Protein chains: 2
Amino acid sequence: MSEQNHRLPLSRERALAAAVALVDAEGLQALTMRRLAAELGVEAMSLYHHLPGKEGLLDGLVETVVGEIGAAAGRTAAAGDWRAALRQRFLSAREVMLRHPWAPTLLTSRSTIPAGLFAYYDAVVATMVGGGFSYRIAHRALHAFGSLALGFAQEVFRPGAADASFDADAAEAELAAMAQAVPHLTAMMVAEAHDAADPTLGWCDSQVEFEFTLDLLLDGLDRLRGGGESPWVQHGAVPGGAGSP
Amino acid sequence: MSEQNHRLPLSRERALAAAVALVDAEGLQALTMRRLAAELGVEAMSLYHHLPGKEGLLDGLVETVVGEIGAAAGRTAAAGDWRAALRQRFLSAREVMLRHPWAPTLLTSRSTIPAGLFAYYDAVVATMVGGGFSYRIAHRALHAFGSLALGFAQEVFRPGAADASFDADAAEAELAAMAQAVPHLTAMMVAEAHDAADPTLGWCDSQVEFEFTLDLLLDGLDRLRGGGESPWVQHGAVPGGAGSP
DNA sequence: ACCTGAACACCGTTCAAGT
DNA sequence: ACCTGAACACCGTTCAAGT
């Protein structure tokens, strides 16, 4: 955004900081090598002396976000049991995502795993094993959490994610036109709208949905841990999984 | 792939079919307007008479996949209760995804919701309401299922998704190098590897993970439905949600 | 060493012209 | 109406040249 700092030497750190600021302000599609260079008051080709191309720039952004997630987890005091600890961890990761709304899209589009993520997942597994889970269940829990562990609920389609302007009225009108084709969806929308007791943004409050899903999973895992016999406890390998496979 | 059919007139259907074939064979990044035109033995600009640009082409691909999901659900005989019905639905959606490995990446990157998806979700909600759920819980369940309802577990990072060549050995070596930094992850990997009783591809069998997570959610929802008091049953609006919030 | 201008190889897309 | 060649406005990136 700012074209100051003409005299500071360019560096990977300065470039990444400018990239984060640019993307926070204008979204991912605004991030081009030429544009980023212009923000830094420099020519596009100069960036290649500090970053290995566009992919390396995106990797740097991912690294930055993952670093913030780890830092956020470190700032909050350790909670009581494994359940509270994970819940707190994931919710503080969510605050990082709220600061960087472009992060979910970026994280899910990358193919290389950032090194910093392993440390984060290691802490998650440590928390679960410390809480009495086997490595096998901890492993499956990691998959089950999915993006929740990084602080966002993966919306398969996210209207308004690409362009910031999302016409909610148009979407509602479109849905109304399909009222006869999709009676249950329509009824669901009406039922949710009529219950105006709790304040929500639109008819889907993602914070509520996030915590609902998270608690559903945590409840399920807690039941696996303490339930019936306790073959899950500790790291012993158990033949069958959970559920009805 | 084939440059036959020189004489058939170009059409939206032919273009989309060729696009699916191209992407099945070479991945999403191979799909350019010029390349697709070449596959059809035509010039790039001809496509614009049948498709509204690249975005419209991608929308068409999404529409095709969603159509296949709906068709797959229609083919399988209706299962017993809501739980079996949803499980069967989502697992048959997964088979569509296995046929089109590019679909998860595409679906999660789109910002406009395909019309055909509403019909699919309507059927899911109908199944849940028929099983005794309130519209509120059905709504939250829809969010909780997330990509599982469309047949894939959203992997936040998917090595090898961008380029088809994924060096598993290199990844393992990289992880081994971090053994001291991430002791629990390492121990988890070792524990899983030593239990070679069940055959898996690599050390993560995504089919097993998919069903584990799905059953975890279905179990949790089933408990919400039948548990304790039954304010959830039927469509009455209930003040509080589930879980701790 | 760090930065630069010009150029290259790709995109998606517009447009006037063909038939 | 459907298709085409040439051109335009962007990308990321290479390279030889500057300092």
Side-chain angles (χ1 to χ4, degrees), chain A residues 2-20 22-23 25-63 102 105-106 109-112 161-163, chain B residues 2-20 22-23 25-63 102 105-106 109-112 161-163:
Chain A
S2 63
E3 300 198 19
Q4 65 226 35
N5 306 351
H6 269 71
R7 56 212 55 183
L8 273 91
L10 195 52
S11 67
R12 178 183 148 89
E13 288 68 35
R14 266 194 73 207
L16 284 181
V20 169
L22 173 59
V23 159
E26 303 188 33
L28 274 176
Q29 86 288 353
L31 182 67
T32 69
M33 298 299 275
R34 285 170 166 91
R35 174 67 193 279
L36 176 59
E39 295 295 328
L40 289 160
V42 98
E43 226 56 32
M45 325 315 153
S46 305
L47 295 172
Y48 286 81
H49 291 109
H50 305 96
L51 291 167
K54 179 73 178 287
E55 292 298 296
L57 171 59
L58 295 178
D59 285 340
L61 281 185
V62 168
E63 191 185 300
W102 44 270
T105 298
L106 179 63
S109 70
R110 301 270 67 200
S111 61
T112 53
D163 50 318
Chain B
S2 62
E3 300 199 19
Q4 66 226 37
N5 305 352
H6 270 71
R7 55 211 57 186
L8 274 90
L10 195 52
S11 68
R12 179 182 148 89
E13 288 69 35
R14 267 194 72 204
L16 284 181
V20 169
L22 173 59
V23 161
E26 302 189 31
L28 274 175
Q29 85 288 353
L31 182 66
T32 68
M33 298 298 275
R34 285 171 166 89
R35 174 67 193 279
L36 176 59
E39 294 295 328
L40 289 159
V42 100
E43 225 56 33
M45 325 315 152
S46 306
L47 295 172
Y48 287 81
H49 290 109
H50 305 96
L51 290 168
K54 180 73 177 286
E55 292 297 297
L57 170 60
L58 295 179
D59 285 339
L61 281 185
V62 168
E63 193 184 298
W102 44 270
T105 299
L106 180 62
S109 70
R110 300 273 63 202
S111 61
T112 54
D163 50 319

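Just so you know, these numbers come straight off a predicted model, no measurement behind them. Below, chains carry the letters A, B, ... as their sequence lines are ordered, and counting in each starts from 1.
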Whole angstroms only, please: what is the [atom1]-[atom2] distance between [X] and [N]?
X: A:Arg12; N: C:dA1; atom1: CZ; atom2: C1'; value: 19 Å
X: A:His49; N: C:dG5; atom1: NE2; atom2: P; value: 14 Å
X: B:Leu51; N: D:dC2; atom1: CG; atom2: C1'; value: 14 Å
X: A:Glu43; N: D:dA17; atom1: CD; atom2: C1'; value: 15 Å
X: A:Leu40; N: C:dC3; atom1: CG; atom2: P; value: 10 Å
X: B:Leu47; N: D:dC2; atom1: CG; atom2: C1'; value: 12 Å
X: A:Met45; N: D:dT13; atom1: CE; atom2: P; value: 11 Å

*asked:* How close do A:Leu31 and A:Lys54 get, counting heavy atoms only, and between which atoms?
replied: O-NZ, 3.3 Å
*What are the two closest non-hydrogen atoms of B:Leu36 and B:Ala15, and how far apart are they?*
CD1-O, 3.9 Å
With rounding to the nearest 0.5 angstrom, report the [atom1] to [atom2] distance, [X] to [Y].
X: A:Thr32; Y: A:Leu22; atom1: OG1; atom2: CG; value: 8.0 Å
X: A:Ser109; Y: A:Leu28; atom1: OG; atom2: CG; value: 7.5 Å
X: A:Leu16; Y: A:Leu61; atom1: CG; atom2: CG; value: 6.5 Å

*Taking C-beta and beyond as the side chain, do B:Leu57 and B:Leu47 meet within less than 4.5 Å on heavy atoms?*
no
*Do the side chains of B:Met33 and B:Met45 get nearer than 4.5 Å, heavy atoms only?*
no
_Could you spell out the base pairing of DNA chain C as a dot-bracket line? Use Watson-Crick and G-U wobble contacts where both distances are under 3.5 Å, [ ] for crossing pairs, | for partners on a different strand._
.|.|||||...|||||.|.
*Residues in side-chain contact (heavy atoms from CB on, under 4.5 Å) contact with A:Glu43, at least two apart in sequence or another chain*: A:Ser46
Got a list of protein N/O to nucleotides 9-12 of chain C N/O distances below 3.5 Å?
residue	atom	partner	partner atom	Å
C:dG12	OP1	B:Met33	N	3.4
C:dG12	OP1	B:Lys54	NZ	2.9
C:dG12	OP2	B:Met33	N	3.1
C:dG12	N7	B:Arg34	NH1	2.6
C:dG12	O6	B:Arg34	NH2	3.0

*asked:* Tell me whether B:His50 contacts the main-chain N or O of B:Leu10 through its side chain, where contact means a donor paired with an acceptor under 3.5 Å.
replied: yes
*Would you tell me if any nitrogen or oxygen in the side chain of A:Ser46 comes within less than 4.0 Å of OP1 or OP2 on C:dT4?*
yes
